Amino acid sequence: MLTRNSRQIVIYSLFCAAILALPLFVQDAFLLNKSARYLVLGILAMALSLSWGYGGILNLGQATSFGLGSYCMAMALKLRTVPVHTGAEGLPDFMVWNNVETLPWFWVPFHSMPFALAAGILVPALLAGLLAWFMFRGRVTGVYVAIITLAFLVVVNLLIIDQQRFTGGFNGITDLAQLELFGFEFDAYGASSYYLIAVTLTICLFAALLVTKSKAGLILQAIRDHENRVRYFGYDVAGYKIFAMTVSAAIAGVAGMLYTVVMEFASPTFLNVPLSLSVVIWCAVGGRQSLLGSVFGAILIAGMQGALSESEVFLDTWTLVMGLVFVLVVLFLPQGLAGAGHRLLDRLFAPRKADVARGSPQGVMAPPSS
Amino acid sequence: MEARKDLKLSNVTMRFNGFVAVDDLNLEVKAGELRCLIGPNGAGKTTTLDIICGKAKATSGEIRLGDTVLNHLEEHEIARIGIGRKFQVPSVFRQLTVRENLLVAHSRQPGVLRNALRFRRGEDTEGLDKLAELVGLRDHLHRLAGHLSHGQTQWLEIALLLAQDPKLILMDEPTAGMTTQETRKTAELFNRLKGNRTLIVVEHDMAFVKEIAEVISVMHQGKLLAQGTVAQIERDPAVKEAYLGSGGISDA
């Protein structure tokens, strides 16, 4: 019989194989683009699951990291388009409209694609790390973490909208070149971009899985359970939380970069409050204490949202339907879909040990007994 | 052989908004000693433990373990020096299994990045299994800590402290909520720990105290009232006064 650990790896691998095989069955460019978009949102949700589900850090500003990543990519791709007004190597069009005369200093390094890729990961990671440092060194916990991260998101969002000369303001950064890496061109509506995203998702998923399986991952779960107890064993709790939030932000930054690639623009809506709160809902529905569950929750909810809002029957009521689904899941599946899935598998594989065994290696279905 | 590390509290005072919880306390505990700390409710016993482990910062005075001054260290730094704390309300990680609890407590290398690169398989876990056996949780290694009984939870927390392997263990009412039999087993365990480690035990159960105590310190209104063997303390008129109405500690 499979142990829980290997069962988990098998399920994760099957999922990754399935998303990698999808383009064999889906030829429609529009559908492929849409699927790629949902996978990117899946990466974003997984990043939150790492900090929220494992570390107990409810980061309502997860979209900050996502948006910053997407802007880094957009800046690099913008510099690769040939502007209509100023010709090759000229200023981006929106800067011309805003009477900017020379390229701002922080745009210059984005001529280099490796720099842009590094920035898309490091800028969100460092910023989140800094915010985490202030919060967790000051022993801020619980709901205050949620409030501070949300406020931080709003500040960054307003800043980007306000600095129209450098960021394109409300319109964001549009009319981008296509990403080119190692001589490969990634067409947003082609299989190439889809594969790029599916492979990145696979890598991120297993990297995050490794983090959760390490001793640091175990200590993070202990912190989620009983922060003070961990402290008196000699662990620097703040350090662990900063680590969790930084890794999570780095993954969200990667997701943001990919989102620019599939959407072909970056906009302040990539780091606004509704998106940031949606991520929390995806994780809750999928099961925040399961990485794969969160990915699945994002794909499912974002997919349903797309399908419902496009169908004529639900044109006016789709938000209600979504709300209902969310309420039902929270009421009846407190551990999300992943929790239900684990329970089902436990029944199938080990009916006798069901009451003794713990839910899963990540504690997905472990109901807090009282 | 390492230098023996005695714990020394000199003129320690702790004020909460004018209320004096610990008042100019002087207390010395030799390395390897088992010290019982007793006293009526509100005597400042738990606060004293809080001050030692860094949960509360003393208003004035000095706390030393060997040559190290503990006053301005953070909780985790104090823990790394070798001080472990068991809380009055049993504190374990309820959503983790017994074994995972022990793995967390086993904290030789507390650094973040180092632990991010360590995987559970490579660890020496035999010692932890033995610990679980010592406290009778051998058959429960894979159970969630949240599913244990109250007594078992207390034992698990004691096992966690042993996994942490500190030089000085602070126990706040370790037998609270235990059955008589469990209490007796705890006393046995404590007697075995004596000598290897320094223990400070805050306890109300006098039968338990008599079974394990070498030296008892009695606190009253934040001050050290008396100190001595069980027999000396039982005869002490000041202690009788402090426990007025309850006929001295024998009936407490």
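Everything numeric here is computed off the predicted structure, so don't read it as measured data.
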*Highest number of heavy-atom pairs under 4.5 Å with chain A: which of B:His140, B:Arg80, B:Glu157, B:Glu75?*
B:Glu75
*Got a second to check how far B:Leu96's CG is from A:Ile219's CD1, nearest 0.5 Å?*
11.0 Å
*Stepwise side chain to side chain contact (heavy atoms under 4.5 Å, CB included) check, A:Asp236 with B:Val112*: CA-CA 8 Å; A:Asp236 180 10; B:Val112 185; 5.8 Å; no
_Determine whether B:Glu74 and A:Arg139 satisfy the following criterion, salt bridge (Lys or Arg N to Asp or Glu O under 4.0 Å), listing intermediate values before the conclusion._
CA-CA 12 Å; B:Glu74 288 206 43; A:Arg139 301 261 169 109; 3.3 Å; yes
_Is there a side-chain contact between B:Gln164 and A:Tyr232 in this structure, where contact means two heavy atoms from C-beta onward sitting under 4.5 Å apart?_
no
*Do you know which of B:Val92, B:Ile81, B:Leu160 has the most heavy-atom pairs under 4.5 Å to chain A?*
B:Leu160
*Checking A:Ile242 against chain B: side chain, backbone, both or neither under 4.5 Å from a heavy atom?*
neither
*Can you tell which part of B:Glu77 gets under 4.5 Å to a heavy atom of chain A, answering side chain, backbone, both or neither?*
neither
_Exercise: do B:Asn115 and A:Tyr235 side chains pair donor with acceptor under 3.5 Å_ = no
*Locate the shortest heavy-atom distance separating B:Ala105 from A:Phe233; write the atom from each residue and the value.*
CB-CZ, 3.7 Å
*Please round to the nearest 0.5 Å and tell me the distance separating atom CZ of A:Arg231 and atom SG of B:Cys53.*
11.5 Å
*Criterion side chain to side chain contact (heavy atoms under 4.5 Å, CB included) against B:Gln95, the qualifying member of A:Gln289, A:His226, A:Gln221*: A:Gln289
*asked:* Would you compute the distance between atom CD of B:Glu100 and atom NZ of A:Lys215 and round it to the nearest 0.5 angstrom?
replied: 11.5 Å
_Counting only heavy atoms from other residues, nucleotides and ligands, does the tally under 6.0 Å from CZ of A:Phe296 exceed 12?_
no
*Which atoms form the tightest heavy-atom contact between B:Ala116 and A:Ser214, and what is the distance?*
O-CB, 3.3 Å
*Tell me, side chain or backbone of A:Val230 under 4.5 Å from chain B's heavy atoms, or both, or neither?*
both
*Within a reach of under 6.0 Å around NZ of B:Lys57, are more than 12 heavy atoms found that belong to other residues, nucleotides or ligands?*
yes
*Just wondering, more than 12 heavy atoms not from A:Arg137 lying within 6.0 Å of its CZ?*
yes
*Region of B:Leu113 that comes under 4.5 Å of a non-hydrogen atom in chain A*: side chain
*asked:* A quick test of your reading: do over 12 heavy atoms of other residues, nucleotides or ligands sit less than 6.0 Å from CD of B:Gln181?
replied: no
